[in-house]
Amino acid sequence: MSSFNSPFTGNVIQPTDVSYREISIANTTLQLEWPINGSTTNDAAARIMEVTTTGVSELWMPPANQASVGQDALIRNIGGEDFDVMDYAGINTIVTVLVGEAQYIYITDNGTEEGVWGIIAFGIGSSGQDAATLAGYGLLAIGQTLNQSQPVTTFSSSYTALATDRSSTYVWTGGAGTLTLSLASTLADNWFMFVRNSGTGALTVTGTSGNLVNGSTSIALQPADSCIIVCSGSQFYTVGLGRNTQFAFTQLSKAVTSGSYTLTASEASNVIQKYTGTLTGNVTIVVPSTVQVYYIINATSGAYTVTITTGSGGTAVLTTGTQVTLVCDSVNLFNANTILAGSSNISLNNGSVGAPSLNFSSETTTGVYRAASGEFNISILGVLRSTVSASGLAIVGAGAFTGAVSGTTGTFTSGISGGTF
(Lines give C-alpha, C1' and ligand atoms only; values in the text may rest on other atoms or scores of the structure.)
Protein backbone atom coordinates (compact mmCIF):
# COMPACT_ATOMS: atom_id res chain seq x y z
CA MET A 1 0.00 0.00 0.00
CA SER A 2 1.22 3.51 -0.72
CA SER A 3 0.02 7.08 -0.55
CA PHE A 4 0.76 10.13 -2.66
CA ASN A 5 2.55 12.88 -0.73
CA SER A 6 2.98 16.52 -1.69
CA PRO A 7 6.69 17.45 -2.24
CA PHE A 8 5.89 20.84 -0.75
CA THR A 9 3.95 19.95 2.40
CA GLY A 10 4.60 16.24 2.87
CA ASN A 11 0.86 15.67 3.30
CA VAL A 12 -1.13 12.95 1.53
CA ILE A 13 -2.51 14.17 -1.79
CA GLN A 14 -6.27 13.49 -2.19
CA PRO A 15 -8.31 13.87 -5.38
CA THR A 16 -10.30 17.05 -5.57
CA ASP A 17 -13.22 16.64 -3.14
CA VAL A 18 -16.64 16.58 -4.83
CA SER A 19 -19.02 16.40 -1.88
CA TYR A 20 -22.27 15.26 -3.53
CA ARG A 21 -23.63 13.92 -6.81
CA GLU A 22 -27.01 12.58 -7.92
CA ILE A 23 -26.50 9.95 -10.60
CA SER A 24 -28.98 8.26 -12.96
CA ILE A 25 -28.04 5.10 -14.93
CA ALA A 26 -30.32 3.38 -17.46
CA ASN A 27 -29.50 -0.13 -18.75
CA THR A 28 -25.76 0.52 -18.89
CA THR A 29 -22.58 0.89 -16.86
CA LEU A 30 -21.08 4.13 -15.62
CA GLN A 31 -17.28 4.34 -15.22
CA LEU A 32 -16.36 6.94 -12.60
CA GLU A 33 -13.07 8.89 -12.43
CA TRP A 34 -11.38 10.74 -9.62
CA PRO A 35 -11.94 14.48 -9.88
CA ILE A 36 -8.27 15.30 -10.55
CA ASN A 37 -6.44 17.57 -13.05
CA GLY A 38 -6.75 16.29 -16.56
CA SER A 39 -10.07 14.44 -16.12
CA THR A 40 -11.71 14.30 -19.52
CA THR A 41 -15.24 13.38 -18.35
CA ASN A 42 -17.82 14.78 -15.99
CA ASP A 43 -18.34 11.37 -14.34
CA ALA A 44 -16.48 12.23 -11.17
CA ALA A 45 -16.76 10.11 -8.06
CA ALA A 46 -18.22 12.15 -5.19
CA ARG A 47 -17.97 11.53 -1.44
CA ILE A 48 -21.78 11.11 -1.32
CA MET A 49 -23.64 9.69 -4.34
CA GLU A 50 -27.39 9.09 -4.57
CA VAL A 51 -28.04 6.71 -7.46
CA THR A 52 -31.13 5.78 -9.48
CA THR A 53 -30.93 2.87 -11.93
CA THR A 54 -33.19 1.38 -14.60
CA GLY A 55 -32.79 -2.16 -15.87
CA VAL A 56 -29.41 -3.92 -15.56
CA SER A 57 -27.04 -1.14 -14.55
CA GLU A 58 -23.69 -0.97 -12.75
CA LEU A 59 -21.56 1.74 -11.15
CA TRP A 60 -17.79 1.30 -11.68
CA MET A 61 -15.39 3.01 -9.27
CA PRO A 62 -12.19 4.82 -10.47
CA PRO A 63 -8.73 3.16 -10.35
CA ALA A 64 -7.74 2.46 -6.75
CA ASN A 65 -4.06 3.09 -7.53
CA GLN A 66 -4.82 6.73 -8.37
CA ALA A 67 -5.91 7.51 -4.81
CA SER A 68 -4.62 6.97 -1.31
CA VAL A 69 -5.87 4.25 1.04
CA GLY A 70 -8.84 5.50 3.00
CA GLN A 71 -10.36 7.25 -0.01
CA ASP A 72 -14.09 6.69 0.49
CA ALA A 73 -17.59 7.14 -0.90
CA LEU A 74 -21.12 6.81 0.52
CA ILE A 75 -23.47 5.34 -2.10
CA ARG A 76 -27.25 5.37 -1.55
CA ASN A 77 -29.84 3.67 -3.77
CA ILE A 78 -32.79 6.06 -4.13
CA GLY A 79 -34.25 4.25 -7.13
CA GLY A 80 -36.55 1.28 -7.52
CA GLU A 81 -34.01 -1.38 -8.53
CA ASP A 82 -30.92 -2.95 -6.97
CA PHE A 83 -27.53 -2.33 -8.58
CA ASP A 84 -23.89 -3.44 -8.23
CA VAL A 85 -20.91 -1.24 -7.42
CA MET A 86 -17.85 -2.64 -9.22
CA ASP A 87 -14.12 -1.93 -8.98
CA TYR A 88 -12.28 -0.34 -11.89
CA ALA A 89 -13.40 -1.55 -15.33
CA GLY A 90 -16.10 -3.76 -13.74
CA ILE A 91 -13.78 -6.63 -12.84
CA ASN A 92 -15.02 -7.44 -9.29
CA THR A 93 -18.19 -6.59 -7.36
CA ILE A 94 -17.46 -4.39 -4.37
CA VAL A 95 -21.04 -4.38 -3.03
CA THR A 96 -24.67 -4.77 -4.17
CA VAL A 97 -26.77 -1.79 -3.06
CA LEU A 98 -30.40 -2.79 -2.49
CA VAL A 99 -33.34 -0.46 -2.98
CA GLY A 100 -33.34 2.17 -0.25
CA GLU A 101 -30.02 0.97 1.13
CA ALA A 102 -26.85 3.01 1.74
CA GLN A 103 -23.34 1.49 1.59
CA TYR A 104 -20.08 3.13 2.67
CA ILE A 105 -16.97 1.91 0.78
CA TYR A 106 -13.28 2.82 1.18
CA ILE A 107 -9.91 1.73 -0.23
CA THR A 108 -7.83 -0.53 2.01
CA ASP A 109 -5.18 -1.47 -0.60
CA ASN A 110 -4.31 0.68 -3.64
CA GLY A 111 -1.59 -1.53 -5.13
CA THR A 112 -3.61 -2.23 -8.31
CA GLU A 113 -6.25 -0.50 -10.38
CA GLU A 114 -8.91 -2.76 -8.86
CA GLY A 115 -7.61 -2.34 -5.32
CA VAL A 116 -9.17 -3.80 -2.20
CA TRP A 117 -12.27 -2.10 -0.75
CA GLY A 118 -13.76 -2.12 2.76
CA ILE A 119 -17.55 -1.99 3.23
CA ILE A 120 -19.80 -0.64 6.01
CA ALA A 121 -23.57 -1.06 5.63
CA PHE A 122 -25.49 2.08 6.57
CA GLY A 123 -28.97 0.47 6.37
CA ILE A 124 -32.11 1.75 4.67
CA GLY A 125 -33.12 5.37 4.98
CA SER A 126 -33.61 6.16 8.66
CA SER A 127 -34.32 2.72 10.22
CA GLY A 128 -35.96 0.41 7.70
CA GLN A 129 -33.29 -2.28 7.71
CA ASP A 130 -33.14 -2.16 11.50
CA ALA A 131 -36.93 -2.68 11.67
CA ALA A 132 -36.71 -5.87 9.64
CA THR A 133 -33.89 -7.13 11.83
CA LEU A 134 -35.74 -6.35 15.07
CA ALA A 135 -39.08 -7.89 14.02
CA GLY A 136 -39.62 -10.97 16.21
CA TYR A 137 -42.69 -13.11 16.91
CA GLY A 138 -45.79 -10.94 16.80
CA LEU A 139 -44.05 -8.10 14.94
CA LEU A 140 -43.87 -7.30 11.24
CA ALA A 141 -41.57 -4.82 9.48
CA ILE A 142 -43.54 -2.75 6.97
CA GLY A 143 -41.26 -0.28 5.23
CA GLN A 144 -39.29 1.44 7.95
CA THR A 145 -41.63 0.70 10.87
CA LEU A 146 -42.45 -2.19 13.21
CA ASN A 147 -46.10 -3.25 13.19
CA GLN A 148 -48.29 -5.67 15.13
CA SER A 149 -48.47 -9.08 13.46
CA GLN A 150 -51.35 -11.52 14.01
CA PRO A 151 -51.23 -14.28 11.38
CA VAL A 152 -54.26 -16.60 11.13
CA THR A 153 -53.87 -20.40 11.03
CA THR A 154 -56.78 -22.82 10.65
CA PHE A 155 -56.42 -26.31 12.09
CA SER A 156 -58.63 -29.39 12.36
CA SER A 157 -56.26 -31.82 14.13
CA SER A 158 -55.10 -31.61 17.74
CA TYR A 159 -52.13 -29.25 18.08
CA THR A 160 -49.53 -28.14 20.66
CA ALA A 161 -49.01 -24.37 20.87
CA LEU A 162 -45.33 -23.30 20.78
CA ALA A 163 -43.34 -20.18 21.63
CA THR A 164 -43.35 -19.32 17.91
CA ASP A 165 -47.17 -19.01 18.06
CA ARG A 166 -46.92 -15.78 20.05
CA SER A 167 -49.60 -13.31 18.86
CA SER A 168 -50.95 -15.83 16.34
CA THR A 169 -54.64 -16.56 15.78
CA TYR A 170 -55.64 -20.23 15.61
CA VAL A 171 -59.10 -21.10 14.26
CA TRP A 172 -60.44 -24.59 14.96
CA THR A 173 -62.45 -26.08 12.05
CA GLY A 174 -62.85 -29.73 13.06
CA GLY A 175 -65.11 -31.78 15.36
CA ALA A 176 -63.95 -32.52 18.90
CA GLY A 177 -60.23 -31.78 19.38
CA THR A 178 -57.50 -30.61 21.78
CA LEU A 179 -55.20 -27.59 21.87
CA THR A 180 -52.30 -28.35 24.22
CA LEU A 181 -50.30 -25.44 25.61
CA SER A 182 -46.55 -25.92 26.01
CA LEU A 183 -45.01 -25.57 29.47
CA ALA A 184 -45.81 -22.17 30.93
CA SER A 185 -42.19 -21.83 32.07
CA THR A 186 -41.07 -22.36 28.46
CA LEU A 187 -43.55 -19.91 26.94
CA ALA A 188 -42.78 -17.46 29.79
CA ASP A 189 -44.64 -14.46 31.13
CA ASN A 190 -46.56 -12.28 28.59
CA TRP A 191 -46.80 -14.96 25.86
CA PHE A 192 -50.26 -14.94 24.31
CA MET A 193 -52.31 -16.30 21.41
CA PHE A 194 -55.84 -15.91 20.02
CA VAL A 195 -58.17 -18.92 19.66
CA ARG A 196 -61.58 -19.33 18.04
CA ASN A 197 -63.73 -22.44 17.67
CA SER A 198 -65.34 -22.34 14.23
CA GLY A 199 -65.74 -26.11 14.15
CA THR A 200 -68.63 -28.45 14.95
CA GLY A 201 -67.28 -29.94 18.19
CA ALA A 202 -65.80 -28.86 21.50
CA LEU A 203 -62.16 -27.71 21.46
CA THR A 204 -60.46 -28.65 24.74
CA VAL A 205 -57.64 -26.30 25.79
CA THR A 206 -55.30 -27.96 28.27
CA GLY A 207 -52.00 -27.17 29.97
CA THR A 208 -48.91 -29.37 30.27
CA SER A 209 -47.48 -31.02 33.41
CA GLY A 210 -50.06 -29.57 35.77
CA ASN A 211 -50.18 -26.05 34.30
CA LEU A 212 -53.73 -24.79 34.89
CA VAL A 213 -56.03 -22.86 32.57
CA ASN A 214 -58.31 -20.48 34.52
CA GLY A 215 -57.56 -22.59 37.59
CA SER A 216 -58.61 -25.86 35.93
CA THR A 217 -56.67 -28.59 34.18
CA SER A 218 -58.53 -27.73 30.97
CA ILE A 219 -61.38 -25.68 29.54
CA ALA A 220 -63.73 -26.44 26.65
CA LEU A 221 -64.44 -23.93 23.89
CA GLN A 222 -67.79 -24.68 22.31
CA PRO A 223 -68.52 -23.81 18.64
CA ALA A 224 -68.47 -20.00 18.16
CA ASP A 225 -66.51 -19.47 21.42
CA SER A 226 -63.33 -17.38 21.24
CA CYS A 227 -60.72 -15.98 23.63
CA ILE A 228 -57.19 -14.70 24.14
CA ILE A 229 -54.95 -17.12 26.07
CA VAL A 230 -52.20 -15.42 28.08
CA CYS A 231 -49.34 -16.98 30.05
CA SER A 232 -48.07 -15.78 33.43
CA GLY A 233 -45.00 -17.99 33.33
CA SER A 234 -46.60 -20.56 35.65
CA GLN A 235 -50.20 -20.92 34.40
CA PHE A 236 -52.65 -19.67 31.78
CA TYR A 237 -55.66 -17.38 31.75
CA THR A 238 -58.29 -16.50 29.16
CA VAL A 239 -59.30 -12.93 28.39
CA GLY A 240 -62.58 -12.02 26.70
CA LEU A 241 -63.94 -15.57 26.54
CA GLY A 242 -66.83 -15.03 24.13
CA ARG A 243 -69.78 -17.40 24.32
CA ASN A 244 -72.35 -18.11 21.62
CA THR A 245 -75.52 -16.37 22.84
CA GLN A 246 -77.90 -17.51 20.11
CA PHE A 247 -80.53 -19.87 21.45
CA ALA A 248 -83.01 -19.97 18.58
CA PHE A 249 -85.17 -23.09 18.62
CA THR A 250 -85.62 -24.59 15.17
CA GLN A 251 -86.81 -28.05 14.15
CA LEU A 252 -85.19 -30.67 12.00
CA SER A 253 -87.59 -33.10 10.33
CA LYS A 254 -85.59 -35.98 8.89
CA ALA A 255 -86.87 -39.11 7.15
CA VAL A 256 -84.94 -42.28 8.02
CA THR A 257 -85.26 -45.96 7.14
CA SER A 258 -82.29 -47.94 8.55
CA GLY A 259 -78.55 -47.69 9.20
CA SER A 260 -76.43 -44.78 10.45
CA TYR A 261 -77.00 -41.07 9.76
CA THR A 262 -74.35 -38.47 10.74
CA LEU A 263 -75.90 -35.04 11.17
CA THR A 264 -74.30 -32.10 9.40
CA ALA A 265 -73.45 -28.99 11.43
CA SER A 266 -76.53 -27.33 9.98
CA GLU A 267 -78.79 -30.26 10.90
CA ALA A 268 -77.35 -30.59 14.40
CA SER A 269 -77.97 -26.90 15.09
CA ASN A 270 -81.69 -27.71 15.34
CA VAL A 271 -82.46 -28.27 19.01
CA ILE A 272 -85.81 -29.94 18.20
CA GLN A 273 -85.38 -33.02 15.99
CA LYS A 274 -88.21 -35.12 14.58
CA TYR A 275 -87.50 -38.41 12.83
CA THR A 276 -90.07 -39.84 10.44
CA GLY A 277 -90.41 -42.72 7.99
CA THR A 278 -91.15 -46.44 7.99
CA LEU A 279 -88.20 -48.27 9.54
CA THR A 280 -86.83 -51.38 7.87
CA GLY A 281 -84.04 -51.72 10.43
CA ASN A 282 -82.59 -50.05 13.50
CA VAL A 283 -81.43 -46.45 12.96
CA THR A 284 -78.43 -44.66 14.55
CA ILE A 285 -78.25 -40.86 14.58
CA VAL A 286 -74.75 -39.45 15.21
CA VAL A 287 -74.76 -35.92 16.67
CA PRO A 288 -71.63 -33.68 17.00
CA SER A 289 -69.35 -34.03 20.03
CA THR A 290 -70.42 -30.78 21.64
CA VAL A 291 -72.38 -29.64 24.68
CA GLN A 292 -76.03 -29.32 23.63
CA VAL A 293 -79.63 -30.02 24.59
CA TYR A 294 -81.84 -31.96 22.16
CA TYR A 295 -85.59 -32.52 22.09
CA ILE A 296 -86.04 -35.77 20.13
CA ILE A 297 -89.33 -37.00 18.68
CA ASN A 298 -89.44 -40.52 17.23
CA ALA A 299 -92.37 -40.32 14.80
CA THR A 300 -91.26 -43.36 12.81
CA SER A 301 -93.24 -46.56 12.34
CA GLY A 302 -92.03 -50.14 12.37
CA ALA A 303 -90.71 -52.55 14.98
CA TYR A 304 -87.26 -50.94 15.21
CA THR A 305 -85.51 -48.32 17.35
CA VAL A 306 -83.75 -44.97 16.88
CA THR A 307 -80.45 -44.56 18.78
CA ILE A 308 -78.94 -41.12 19.42
CA THR A 309 -75.15 -41.08 19.96
CA THR A 310 -72.00 -38.96 19.61
CA GLY A 311 -70.12 -42.02 18.40
CA SER A 312 -68.81 -42.81 21.87
CA GLY A 313 -70.05 -42.75 25.46
CA GLY A 314 -73.64 -43.11 26.62
CA THR A 315 -76.46 -43.36 24.06
CA ALA A 316 -80.26 -42.92 24.11
CA VAL A 317 -82.61 -45.45 22.50
CA LEU A 318 -86.12 -44.42 21.42
CA THR A 319 -88.86 -46.80 20.42
CA THR A 320 -91.59 -45.81 17.97
CA GLY A 321 -93.86 -43.02 19.20
CA THR A 322 -91.66 -41.83 22.10
CA GLN A 323 -90.09 -38.49 22.88
CA VAL A 324 -87.17 -37.52 25.10
CA THR A 325 -85.15 -34.50 26.19
CA LEU A 326 -81.43 -35.26 26.00
CA VAL A 327 -78.41 -33.45 27.43
CA CYS A 328 -75.07 -34.00 25.67
CA ASP A 329 -71.80 -33.33 27.53
CA SER A 330 -69.84 -33.63 24.24
CA VAL A 331 -69.40 -37.40 24.78
CA ASN A 332 -72.40 -38.89 26.59
CA LEU A 333 -76.13 -38.39 26.11
CA PHE A 334 -78.27 -38.19 29.26
CA ASN A 335 -82.03 -38.18 29.61
CA ALA A 336 -82.95 -34.85 31.18
CA ASN A 337 -85.87 -36.50 32.99
CA THR A 338 -83.62 -39.25 34.45
CA ILE A 339 -85.71 -41.81 32.55
CA LEU A 340 -84.26 -43.98 29.83
CA ALA A 341 -85.76 -43.05 26.49
CA GLY A 342 -88.68 -45.36 25.68
CA SER A 343 -88.96 -46.72 29.26
CA SER A 344 -92.34 -46.88 31.10
CA ASN A 345 -90.81 -46.90 34.61
CA ILE A 346 -91.37 -43.77 36.70
CA SER A 347 -89.84 -43.34 40.17
CA LEU A 348 -91.61 -41.11 42.75
CA ASN A 349 -90.69 -39.76 46.13
CA ASN A 350 -92.54 -41.31 49.12
CA GLY A 351 -94.61 -38.21 49.75
CA SER A 352 -96.99 -37.87 52.73
CA VAL A 353 -100.71 -37.80 53.51
CA GLY A 354 -100.72 -34.02 53.28
CA ALA A 355 -98.42 -33.87 50.24
CA PRO A 356 -98.85 -37.05 48.16
CA SER A 357 -96.04 -37.55 45.64
CA LEU A 358 -98.49 -37.98 42.73
CA ASN A 359 -101.15 -35.28 42.97
CA PHE A 360 -103.19 -32.76 41.00
CA SER A 361 -102.05 -29.22 40.24
CA SER A 362 -105.45 -27.83 41.34
CA GLU A 363 -105.62 -30.07 44.46
CA THR A 364 -102.17 -31.02 45.68
CA THR A 365 -103.48 -32.76 48.87
CA THR A 366 -105.26 -35.43 46.83
CA GLY A 367 -103.21 -38.26 45.36
CA VAL A 368 -101.10 -41.29 46.18
CA TYR A 369 -98.12 -41.71 48.46
CA ARG A 370 -96.13 -44.36 50.38
CA ALA A 371 -96.57 -44.17 54.15
CA ALA A 372 -94.48 -47.24 55.01
CA SER A 373 -92.68 -50.15 53.45
CA GLY A 374 -94.95 -52.34 51.34
CA GLU A 375 -97.85 -49.86 51.30
CA PHE A 376 -99.74 -47.95 48.64
CA ASN A 377 -101.79 -45.14 50.18
CA ILE A 378 -104.51 -42.85 48.84
CA SER A 379 -105.02 -39.40 50.35
CA ILE A 380 -108.16 -37.30 49.76
CA LEU A 381 -107.81 -33.65 50.75
CA GLY A 382 -104.97 -34.60 53.09
CA VAL A 383 -106.86 -37.47 54.76
CA LEU A 384 -105.89 -41.16 54.45
CA ARG A 385 -108.76 -43.02 52.81
CA SER A 386 -107.28 -46.36 51.78
CA THR A 387 -104.19 -48.52 52.11
CA VAL A 388 -103.17 -51.40 49.89
CA SER A 389 -100.54 -53.74 51.33
CA ALA A 390 -99.42 -57.35 51.04
CA SER A 391 -102.12 -58.36 53.57
CA GLY A 392 -104.98 -56.75 51.63
CA LEU A 393 -107.06 -53.60 51.29
CA ALA A 394 -107.97 -51.34 54.19
CA ILE A 395 -110.51 -48.56 53.63
CA VAL A 396 -110.96 -45.69 56.06
CA GLY A 397 -114.46 -44.18 56.22
CA ALA A 398 -117.86 -45.22 54.90
CA GLY A 399 -118.04 -47.21 51.71
CA ALA A 400 -120.85 -47.28 49.18
CA PHE A 401 -120.93 -49.91 46.46
CA THR A 402 -123.26 -49.80 43.45
CA GLY A 403 -122.62 -53.44 42.64
CA ALA A 404 -122.00 -56.72 44.46
CA VAL A 405 -119.01 -57.22 46.70
CA SER A 406 -117.84 -60.82 47.09
CA GLY A 407 -115.09 -62.56 49.02
CA THR A 408 -114.56 -64.55 52.18
CA THR A 409 -113.41 -61.79 54.51
CA GLY A 410 -113.37 -58.01 54.62
CA THR A 411 -112.41 -55.36 57.14
CA PHE A 412 -113.91 -51.88 57.30
CA THR A 413 -113.21 -49.34 60.02
CA SER A 414 -116.68 -47.87 59.67
CA GLY A 415 -120.00 -48.71 58.04
CA ILE A 416 -120.44 -49.95 54.52
CA SER A 417 -123.67 -49.90 52.56
CA GLY A 418 -124.87 -51.28 49.33
CA GLY A 419 -124.25 -54.55 47.57
CA THR A 420 -123.57 -57.92 49.13
CA PHE A 421 -120.56 -58.83 51.23
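We use all heavy atoms of the structure for the numbers below, so side chains are in, but hydrogens, waters and symmetry mates are not. Residue numbers start at 1 and run along the sequence shown.
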Work out which heavy atom in [X] is nearest to a heavy atom in [Y]; give both atom names and the distance.
X    : Y    : answer
I229 : C227 : CG1-SG, 3.9 Å
F236 : S182 : CZ-O, 3.4 Å
G207 : T180 : O-CG2, 4.4 Å
V293 : T325 : CG1-CG2, 4.1 Å
P288 : Y294 : CD-OH, 3.9 Å
V256 : T300 : CG2-CG2, 4.0 Å

Answer yes if the side chains of [X] and [Y] hold a donor-acceptor pair under 3.5 Å, and no otherwise.
X    : Y    : result
Q71  : S68  : no
Y159 : D165 : yes
Q222 : T290 : yes
E375 : S389 : no
R385 : N377 : no
Y20  : E50  : yes
N214 : T238 : yes

Can you tell me if [X] uses its side chain to pair, donor with acceptor, with the backbone of [Y] under 3.5 Å?
X    : Y    : value
R370 : S357 : no
N197 : L221 : yes
E267 : T264 : yes
E113 : N65  : no
S379 : V353 : yes
N298 : L318 : yes
S158 : T178 : yes
T206 : T217 : yes
W34  : A45  : no
N77  : E81  : yes

How long is the span from the [atom1] atom in [X] to the [atom2] atom in [Y], to the nearest 0.5 Å?
X    : Y    : atom1 : atom2 : value
I285 : Q273 : CD1   : CD    : 8.0 Å
L326 : I308 : CG    : CD1   : 7.0 Å
M86  : L59  : CE    : CG    : 10.5 Å
S167 : F194 : OG    : CZ    : 5.5 Å
L74  : S19  : CG    : OG    : 12.0 Å
N110 : Q66  : CG    : CD    : 10.5 Å

Under the side-chain contact (heavy atoms from CB on, under 4.5 Å) criterion, do L333 and V327 qualify, and how do the steps go?
CA-CA 6 Å; L333 287 157; V327 175; over 6 Å; no

Flag the pair [X] / [Y] as yes when at least one side-chain heavy-atom distance between them is below 4.5 Å, and no otherwise.
X    : Y    : result
T153 : T169 : no
L32  : M49  : yes
V97  : V51  : no
N211 : L183 : yes
V283 : Y304 : no
R166 : T164 : no
Q235 : V213 : no
V195 : L203 : yes

Working note: L30 + D43, criterion side-chain contact (heavy atoms from CB on, under 4.5 Å); need CA distance, chi angles, decisive distance, verdict.
CA-CA 8 Å; L30 178 63; D43 293 322; 3.3 Å; yes

D84: which of T53, T93, T96, T29 passes side chain to side chain donor-acceptor pair (under 3.5 Å)
T96

Between T204 and I219, is a side-chain contact (heavy atoms from CB on, under 4.5 Å) present by the stated rule, with each step listed?
CA-CA 6 Å; T204 300; I219 62 171; over 6 Å; no

Is R47 salt-bridged to D72, going by a charged N under 4.0 Å from an acidic O?
yes

Should the pair E101-R76 be classified as a salt bridge under the 4.0 Å nitrogen-to-oxygen rule?
no

Only one of I94, N92, D109 clears side chain to side chain contact (heavy atoms under 4.5 Å, CB included) with E114; which?
N92

side-chain contact (heavy atoms from CB on, under 4.5 Å) for E58 and F83? Distances and angles first, verdict last.
CA-CA 6 Å; E58 295 177 345; F83 66 89; over 6 Å; no

Report the C-alpha distance between W172 and F155 in whole Å, list the side-chain angles of each, state the deciding distance to 0.1 Å, and finish with yes or no for ring pair (Phe, Tyr, Trp, His ring centres under 6.0 Å).
CA-CA 5 Å; W172 176 252; F155 69 118; 5.0 Å; yes

